[in-house]
Protein chains: 2
Amino acid sequence: MTTTLPVATGACCAPLVRAPLGAEDATRLAGTLRAIADPARLRLLSLVAAHEGGEACVCDLVEPLGLSQPTVSHHLKVLVDAGLLTREKRGVWAYFTLVPGALDSIASVLVTTGS
Amino acid sequence: MTTTLPVATGACCAPLVRAPLGAEDATRLAGTLRAIADPARLRLLSLVAAHEGGEACVCDLVEPLGLSQPTVSHHLKVLVDAGLLTREKRGVWAYFTLVPGALDSIASVLVTTGS
DNA sequence: CGTCAACATCGACGGCCGTCGATCTCCGGT
DNA sequence: ACCGGAGATCGACGGCCGTCGATGTTGACG
C-alpha cells in the first residue's frame with residue numbers, strides 16, 4: 001500500500017527554514033501535509049477534537065460533514081495512516097481520537113521563530 | 001482565477017481543535033495547506049529561506065530542485081498566491097522572499113497546546 | 001441462528017494538479 | 001536597433017485523489 005508513513009514521531013526536528021531539506025524529507029513531510037490539506041479531513045480532526053471525551057465514532061461524523069459514510073471512512077483511514085488519529089473498535093462502533101502531539105509536531109516544522 | 005486567497009493574514013485565529021470549523025473555513029485552510037503539501041514547494045520555501053539574504057531568484061532554484069524552469073515558476077506562483085512568498089522584480093531577475101509570519105500563522109492553527 | 005446495524009472495502013468515474021516543451025514578454029548590453 | 005538571456009505563460013498529457021453506490025464483514029440482540 002502506498003500509505004503515508006506516520007511522520008508525527010519523526011518529523012519533529014526539521015525546522016524547514018534552517019537548511020534546504022532533501023528530496024526525501026520533503027516527500028515525507030508533503031505526504032503528511034497532504035493528509036490535512038483537505039476540507040473534509042480538517043473538519044474531521046476538528047469534530048473529533050471538539051466531541052465529547054475527545055473521541056467520536058463514524059456515525060457522529062457522517063451527518064455534520066454531509067458526505068457519504070464510505071467517504072468519511074476513507075478520510076478517517078487517511079488520517080489514521082498519517083498518524084494523526086487512532087482507531088479503537090468497541091463493539092460495533094469505531095472510535096477515533098486525536099494522537100497527542102501529532103498536529104503539534106507538524107506545526108513545529110513550519111514555525112520559523114525557532115531560531 | 002481559482003487562486004487560493006492569502007490566508008496568512010486571516011487564518012491566525014482558528015485553533016482547529018476548539019470548535020468544529022465550518023465548511024468555508026475548512027476550504028480556505030485546506031487551500032493554504034495544499035500550497036505547502038508538495039515536495040517541490042517545501043524545498044522551494046526551504047531554499048529561499050536558507051539562501052543568502054533570505055532571497056533567491058529562479059535561476060538559483062532550478063538546478064537544486066532538478067525540475068524544469070517553467071515548473072519552478074509555476075510552484076513559485078502557487079506559493080506567492082498563497083501569501084507565503086513575495087516576488088520582487090529587479091532588472092531581469094525575480095527575487096523571492098519568505099513572507100514574515102506566514103508559515104507561523106499556519107502553524108498556530110494546527111497547534112493544540114493553545115488551550 | 002437469523003436479522004439488523006455499523007463500518008470497511010471495492011470498483012468506477014470525474015476533476016484537479018504536477019510536469020513538460022514550446023513560446024511569449026521584457027530588460028540589458030553592445 | 002539588434003540580440004541574448006531570465007522568467008512567465010500556454011497547451012497538453014498523465015497520474016493521483018475525492019466522491020459515490022454497491023457489497024463485504026463483523027458484532028449485538030432476540
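Side chains included, hydrogens not; waters and symmetry mates left out as well; all remaining heavy atoms used. By convention in this document, chain letters (A, B, ...) are assigned in the order of the sequence lines, proteins followed by strands, and residues within each chain are numbered from 1. Just so you know, these numbers come straight off a predicted model, no measurement behind them.
Although no hydrogens or angles enter the test, the distance criterion places no donor-acceptor pair under 3.5 Å between the side chain of B:Asp104 and the main chain of A:Val111. Without hydrogens or angle criteria, A:Arg41 side chain to A:Ala35 main chain gives a donor-acceptor distance under 3.5 Å.
The CG atom of A:Leu76 sits 13 Å away from the C1' atom of C:dA6 (whole-angstrom rounding). We find that NZ of B:Lys77 is positioned 10 Å from P of D:dA8, with the value rounded to whole Å. A:Glu88 has its CD atom 13 Å from the P atom of C:dC7, to the nearest Å. Separating the CG atom of B:Leu44 from the P atom of D:dG7 is a distance of 13 Å, rounded to the nearest angstrom.
Note that the CZ atom of B:Arg87 and the OG atom of B:Ser73 stand 8.5 Å from one another [nearest 0.5 Å]. Taking CG of A:Leu65 as the reference point, atom CG of A:Leu47 lies at 6.0 Å (rounded to 0.5 Å). Distance check: B:Arg28 CZ to B:Leu21 CG gives 11.5 Å after rounding to the nearest 0.5 Å. Between the CG atom of A:Leu67 and the CZ atom of A:Arg43 there is a distance of 8.0 Å, given to the nearest 0.5 Å.
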Measure all distances between protein nitrogen or oxygen atoms and nitrogen or oxygen atoms of nucleotides 10-16 of chain D, and list the pairs falling under 3.5 Å.
none

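Side-chain proximity of B:Trp93 to the nucleotides D:dA6, D:dC20, D:dA8 is greatest for D:dA6. When the nucleotides D:dG7, C:dT19, D:dC20 are ranked by their closest atom to the side chain of B:Ala40, C:dT19 comes out on top.
The shortest distance between the side-chain N/O atoms of B:Arg87 and the OP1/OP2 oxygens of D:dA8 is below 4.0 Å. In this structure, A:Thr71 reaches the D:dC20 phosphate: one of its side-chain N or O atoms is under 4.0 Å from OP1 or OP2. The phosphate of C:dA8 (OP1 or OP2) has no side-chain N or O of A:His74 nearer than 4.0 angstrom. Residue A:Ser73 places at least one side-chain N or O under 4.0 Å from the OP1 or OP2 atom of C:dA8. Side-chain nitrogen and oxygen atoms of A:Ser68 include at least one within less than 4.0 Å of the OP1 or OP2 phosphate oxygen of D:dC20.
A:Tyr95 comes within 4.0 angstrom of no nucleic acid atom, judged by non-hydrogen atoms across all strands.
Cluster membership for B:Val78 and B:Leu45, using ILVMFWY side-chain heavy atoms within less than 4.5 angstrom, is not shared.
Take A:Ser68 and apply the side chain to side chain contact (heavy atoms under 4.5 Å, CB included) test, not counting sequence neighbours, and it matches A:Pro70, A:Thr71.
By the 4.5 Å heavy-atom criterion applied to side chains, B:Phe96 and B:Val58 are counted as neighbours.
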(message) So if I define the base as every atom that isn't primed, P, OP1 or OP2, how would nucleotides 24-30 of chain C read as a B/S/- string at a heavy-atom cutoff under 4.0 Å?
(response) ---SS--

(request) Could you check A:Leu61 against A:Leu76 for side-chain contact (heavy atoms from CB on, under 4.5 Å), going step by step and ending with a plain yes or no? (result) CA-CA 10 Å; A:Leu61 304 168; A:Leu76 287 170; 4.1 Å; yes

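Among residues at least two apart or in separate chains, there is no side-chain hydrogen bond (donor to acceptor under 3.5 Å, both in side chains) pair with a member in residues 91-100 of chain A. Contacts classified as side-chain hydrogen bond (donor to acceptor under 3.5 Å, both in side chains) and involving residues 44-67 of chain B (residues at least two apart or in different chains) are given here: B:Glu55-B:Arg90.
Contact check of residues 49-67 of chain B against DNA chain D (heavy atom, cut-off under 4.0 Å) returns B:Cys57, B:Val58, B:Cys59.
Heavy-atom nearest nucleotides on DNA chain C were determined for B:His75 and for B:Gln69, and the one closer to the 5' end corresponds to B:His75.
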